[in-house]
Amino acid sequence: MKEFNLNTLVRKNILSLQPYTSFRDNSEFKAPVLLDANECPFGEFNRYPDSTQKKLKSKLADLKKVTPSQIALGNGSDELIDLIIKIFCEPKKDTILMMNPSFAMYAFYAAVNENEVVKLNLDENFEIVKGDFLKITQERDIKVFFLCSPNNPTGNSVQDIEFFIRNFDGIVVIDEAYIEFSENRSAIELLDKYPNLIVLQTFSKAWGTAGARVGAAYASKEIIRFINTVKAPYNVNSLSQELILNLLDDKDRLKNNVESILQERTWLEQEFKNMECIIKIFPTDANFFLIKVNNAQTVYQKMLDKEILTSQRSPAIQDCIRINVGSREENKKLINVLKAIAS
Ligand SMILES: Cc1ncc(COP(=O)(O)O)c(C=O)c1O
């Protein structure tokens, strides 16, 4: 890895931008008369949210053992993916790298921002081939590498993550949307070691609040400053900030969610093993399974006919369907339908 210089990676027009600052959010008044933001004086949610998300970041910082200045919050981690591409990739010029198969939104936001996508094909066990990674990154000038672990839609975790951070001259984004379901440690603990690292996490999966749309980026305070600069000032609304603040106080909530989902995952795997139409169950560290079936399109359609929605991955991943672990009731319905299909 070359010597790291953040300012040579950030787009020039963004380097000179100043973050939006709300005077109100950066002051310590006790009972101010708020006539500064053209709001309505009546109603419960009449005020703009805290643009700095101070309380939420302070609590998250304690939980994740980082400083609040190392956290940026987004309208889901989706928004953060978009912002990261915007900060580092010049439209029509710069390129991102992603695993293939992996989460589709990296390519989507790259397309929105007019950036090329290079795909790093995974091997038959959905692992990254290190030699391929080194070859591509030596041959191509790539700004941002999105490394998803556990990976969606394959479910497995990437091994030896530090290798990819160490051997890359751009920004490495480790997307940990499903980390709570895995036994692996978060890459957040590597932040002090690698200035080119951004870790994404979300409240949409294990925390169970996809509807609130809150995701977090953890990185150096210099990178976070750029994310805070380009984000819409009020990107996380008051209701969601409040909801997540309360959630963080409910210490058992995450633990219970994860325990239940892991129990259900084990139960489903056992049921899948007895199913003749399932040829392969790929190992998973997430809250979903990728399974290989005979006649994926037919199986998928038959489940759909019974109002069971799954994610058809064929033809991109031949004969494969991605199935979310649900509640016991939902999982039983799924298994009953699969049994009926098999017979
Ligand atoms: C790998 C990965 N990253 C990010 C997201 C987006 O999550 P959020 O709800 O925080 O936008 C998803 C959602 O499916 C995902 O699978």
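Count residues from 1 along the sequence. Start at 1 and go down the list; that is how both ligands and their atoms are numbered.
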* Check ion pair Glu180-Lys255 (N to O, under 4.0 angstrom) -> no

* Relative to the heavy atoms of Arg213, which atoms of ligand 1 are at a distance of less than 4.0 Å? -> 8 (P), 9 (O), 11 (O)

* Out of Ala210, Pro150, Ser102, Cys148, who gets a non-hydrogen atom closest to atom 1 (C) of ligand 1? -> Cys148

* Answer yes or no: does an N/O atom from Asn152 fall short of 3.5 Å to an N/O atom of ligand 1? => yes

* Asked: Taking atom types as modelled and ignoring hydrogens, do the side chains of Gln201 and Asp175 form a donor-acceptor contact shorter than 3.5 angstrom?
  -> no

* Write out the residue and atom name of the closest protein heavy atom to atom 12 (C) of ligand 1, then the distance separating them to 0.1 Å. => Phe103 CZ, 3.3 Å

* Structure fact -> Residue, atom and distance of the protein heavy atom nearest atom 3 (N) of ligand 1 read Asp175 OD2, 2.6 Å

* To do: Using a strict 4.0 Å cut-off to heavy atoms of Ser204, name the atoms of ligand 1 that fall inside it.
  => 8 (P), 9 (O), 10 (O)

* **Atoms of ligand 1 close to Ala177 [distance to a heavy atom under 4.0 angstrom, numbered from 1]** => 1 (C), 2 (C), 3 (N), 15 (C)

* Asked: At under 4.0 Å between heavy atoms, which part of Lys205 makes contact with ligand 1: side chain, backbone, both or neither?
  -> side chain

* To do: Please determine if Lys193 and Glu162 form a salt bridge, counting it only when a charged side-chain N lies under 4.0 Å from a carboxylate O.
  => yes

* Do we get Lys205 above Phe181's six-membered ring, with its NZ or CZ under 6.0 Å from the centre and within 45° of the axis? -> no

* In the single-linkage hydrophobic clustering (I, L, V, M, F, W, Y; side-chain heavy atoms under 4.5 Å), do Ile198 and Leu97 co-cluster? -> no

* To do: Kindly confirm or rule out a cation-pi arrangement of Arg253 over Trp207, judged by NZ or CZ under 6.0 Å from the six-membered ring centre and within 45° of its axis?
  => no

* Structure fact -> for atom 7 (O) of ligand 1, nearest protein heavy atom and its distance come out as Ser77 OG, 3.2 Å

* Side-chain donor-acceptor contact under 3.5 Å, Arg213 with Asn237 -> no

* To do: Looking only at protein heavy atoms, identify the closest one to atom 16 (O) of ligand 1 and say how far it is in Å.
  => Tyr178 OH, 2.7 Å

